[in-house]
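The sequence lines fix the lettering, A, B, ..., with proteins before strands; numbering per chain opens at 1.
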There are 2 protein chains.
Amino acid sequence: MPIRLTSQRTAILTIINGSSAHWDAESVLQALQQSGQRIGVATVYRTLAVLEEATLIGSVFINERKCYERIDKQQHDHLLCSQCGCIEEFCHPYIAVLQSEMAQAHGFVAHNHSLIIRGLCRDCQS
Amino acid sequence: MPIRLTSQRTAILTIINGSSAHWDAESVLQALQQSGQRIGVATVYRTLAVLEEATLIGSVFINERKCYERIDKQQHDHLLCSQCGCIEEFCHPYIAVLQSEMAQAHGFVAHNHSLIIRGLCRDCQS
DNA sequence: ATGTTTGCAAACGCTTTGCAACGTG
DNA sequence: CACGTTGCAAAGCGTTTGCAAACAT
């Protein structure tokens, strides 16, 4: 059973795929309501879960909160400014190596990882 | 103003320092209540925050939940089994390098990071 | 004695659920 | 037409807060 295409699902997918930002449920709701879309909170939560389940969007935990992002890029990780909250993405070839190396050393089979580096961005190093 | 030593604080510190486990607020509360300690929920939350603030304990986000752990060891990261939930710790010298390397490349000053590798532990690879 | 910490219960914020109406395939 | 999806409002859950009593220093 493929997932049905509804206006709400399209709208959410469009918002998330159309930016490189990191969206929590509330921001998605606000963005939709401000653009005139009729949508309820419950639908936002349910839809985000459905879309993630279908790997149409990805998610990261940022500041103790689940955020969704578009998934069209290669696997990447995040730099987070603890002052202003801005986020930069980066890729480092060695992380994949490290992931399987460490997993193997402990008898694990690795599936994925999440790495967040916290610090101060350029503008916040006053 | 040094933090005051109360029986509740001692008890929580003892529990966390006495094991290498990862404790969320609820587990701490249960462990204390089962050992006969009189303590309330609010105190557990407040105390964990105080102890972390004082860097007497550390914390990690595991499965979308804040967990506390003892802080006497060197900086380490975590392997998490997505099946049974067991956790292994590991250290890898290159992670620190990677952290400052990536930070520098984006104009950040890095403070710390959190890395969690998810996969299947030995016992769950049926 | 003073100011901090505690427990309780109420308040909170975010997320999930039940259900009837709606809309997609 | 059938059944998945939606909105609403209520319920749920973990966490935080206000306050008077208890306690460490």
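No side-chain donor from either of A/Glu89 and B/His106 sits under 3.5 Å from a side-chain acceptor of the other. A side-chain donor-acceptor contact under 3.5 Å links A/His78 and A/Glu69.
For A/Thr43, a side-chain nitrogen or oxygen approaches OP1 or OP2 of D/dG7 to under 4.0 Å. For A/Thr47, no side-chain nitrogen or oxygen approaches OP1 or OP2 of D/dT5 to under 4.0 Å. For B/Thr6 and C/dT4, the shortest distance from a side-chain N or O to OP1 or OP2 is not below 4.0 Å.
Tested against A/Leu13 for a side chain to side chain contact (heavy atoms under 4.5 Å, CB included), the candidates A/Leu56, A/Thr47, A/Leu5 yield a single pass: A/Leu56.
Rounded to whole Å, the distance from CG on B/Leu5 to C1' on C/dT6 is 15 Å. Atom P of nucleotide C/dT6 and atom CD1 of B/Ile39 are separated by 7 Å, given to the nearest angstrom. Computed from coordinates, the B/Glu26 CD to D/dG12 C1' distance equals 14 Å when rounded to whole Å. The nearest whole Å value for the distance from the CG atom in B/Leu51 to the P atom in C/dT5 is 11 Å. A/Leu48 has its CG atom 15 Å from the P atom of C/dC14, to the nearest Å. Here the P atom of nucleotide D/dG14 and the CG atom of B/Asn63 are 14 Å apart, to the nearest Å. The distance from atom CD of A/Gln33 to atom P of D/dT6 is 15 Å, rounded to the nearest whole Å.
Counting only heavy atoms from C-beta on, A/Ala42 has its side chain closest to D/dC8 among C/dC8, D/dC8, D/dG14. Here C/dC8 is the nucleotide among C/dC8, C/dT6, D/dC8 with the atom lying nearest to any side-chain atom of B/Arg38.
One N or O on the side chain of A/Thr14 and one on the backbone of A/Thr10 form a donor-acceptor pair closer than 3.5 Å.
Residue B/Arg4 is the one, among B/Gln37 and B/Arg4, whose nearest nucleotide of DNA chain C lies closer to the 5' end (criterion: closest heavy atom).
Under the side-chain hydrogen bond (donor to acceptor under 3.5 Å, both in side chains) criterion, the residue pairs touching residues 117-126 of chain B are A/Asn112-B/Arg118, with sequence neighbours excluded.
Contact annotation for B/Arg46: base contact, defined as any heavy-atom pair under 4.0 Å involving a base atom.
Other members of the hydrophobic cluster containing A/Met102, listed by chain and number, are A/Leu79, A/Phe90, A/Tyr94, A/Ile95, A/Val97, A/Leu98, A/Phe108, A/Leu115, A/Ile117, B/Leu79, B/Phe90, B/Tyr94, B/Ile95, B/Val97, B/Leu98, B/Met102, B/Phe108, B/Leu115, B/Ile117; membership follows side-chain contacts under 4.5 Å among ILVMFWY residues, whether direct or relayed.
Using a 4.0 Å cut-off on heavy atoms, the residues of residues 7-19 of chain B that approach DNA chain C are B/Gln8, B/Arg9, listed by number.
Closest approach of B/Arg4 and B/Arg9 over heavy atoms only: O-NH1, 3.0 Å.
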